[in-house]
Amino acid sequence: MTLEIRQHGRVGAEILGIDLSCTISDEDFAEVRNAFAEHGVVFFRDQSFTEDQHIAFARRWGPININRFFAPHPAYPEIALVVKEPDQQHNIGGGWHTDHSYDFEPALGSILAARELPPEGGATAFASMYAAYNGLSARLKERIEGRRAVHSARHVFGSKAGVYEAAQDSRSDGRIGNSAAADVLDDPVHPVVIIHPLSGKRAVYVNPSFTVRILGLAEEESQDLLAEVYEHCKRPEFQEDFHWRDGSIAFWDNRATWHYAYNDYHGHRREMHRITIEGSALV
Ligand code: SIN
């Protein structure tokens, strides 16, 4: 099979000619890694891989982060379940975010595999934080350059959670848990603009779900600046949707993209399997 990389609209690349159920060659791995670093998210279609193969593919990238808050797959703790049942209202990931920015060494990326899809809807939107950085006005760029921001999971997964509404869903049935662990987490500080560890490109690294304030600014000024940055990053020209089909897999870079899951398929079941790969401290 010959590997082919096609731009996916405004954000991401689709990779064809690869079977993720097999051990991929070092050459193909290097090409996938370059596409991942360059585009921020890569998509694969018509894959048929088992949970063991999902785990094996993830391990090529680095150690797996066992999620502290999402319900694990009953037989594979490495796999976090992202499920919405037909009678549930809230979905997981239904707001712009990047996974694990609340960690001191934020995750490299997440590999999401579709396992059961609704007949319609249930797409995932991605926004490129490379493009968002490049599109900043000189004024906004100057205001955030060199700044650092505090990130937290406590307001999201902790006992006072409100943002991540699935945590509050009376029918969440254990989808999100471990709030006591979230309550005692320390909050890391990361640069507002990072140099991406693989591509060397600059990317905006604050997100509406987990960033709580910018250091060195009064609370109101910090919130106003974050709001301005978010409004900019949400511009349609930096976004693209990914429409899932059976056998689809998305592998996003948490340092280069935001994502959110559409919640437009009430009454239907959606089950996704997510594996998150450990990253490193950001500069
Ligand atoms: C997530 O935010 O990790 C889940 C995204 C999705 O279910 O589409």
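Keep in mind that this is a model prediction, so the values were computed, not measured. Just follow the structure's listing: the first ligand is 1, and inside any ligand the first atom is 1.
Near His259, the atoms of ligand 1 lying under 4.0 angstrom from a non-hydrogen atom of the residue are 1 (C), 2 (O), 3 (O). Residue contact check: Thr124 has heavy atoms under 4.0 Å from atoms 6 (C), 8 (O) of ligand 1. Short contacts between ligand 1 and Gly93, defined as distances under 4.0 Å to a heavy atom of the residue, involve ligand atoms 2 (O). In summary, the atoms of ligand 1 found under 4.0 Å from a heavy atom of Ala261, numbered by their order in the structure, are 5 (C), 6 (C), 7 (O), 8 (O). Residue contact check: Leu112 has heavy atoms under 4.0 Å from atoms 5 (C), 6 (C), 7 (O), 8 (O) of ligand 1.
A salt bridge links Arg269 to Glu271: one of the charged nitrogens lies within less than 4.0 Å of a carboxylate oxygen. Under the 4.0 Å criterion applied to side-chain N and carboxylate O atoms, Asp26 and Arg60 are assigned as salt-bridge partners.
Here the two rings, on Trp252 and Phe36, have centers that are 6.0 Å apart or farther. For an aromatic pair to be called close, the ring centres must be under 6.0 Å apart, and His151 with Tyr205 satisfies this. Note: Phe57 and Phe49 fail the aromatic proximity criterion, with ring centroids not under 6.0 Å apart.
Of the listed residues (Met272, His97, Glu271, Arg270), the one carrying the non-hydrogen atom nearest atom 7 (O) of ligand 1 is Arg270.
Screening Phe238, Phe43, Trp258, Tyr260 for a ring-ring contact (aromatic ring centres under 6.0 Å, His included) involving Phe126 leaves a single residue, Phe43.
The shortest separation from a heavy atom of Trp252 to ligand 1 is under 4.0 Å, placing the residue in contact.
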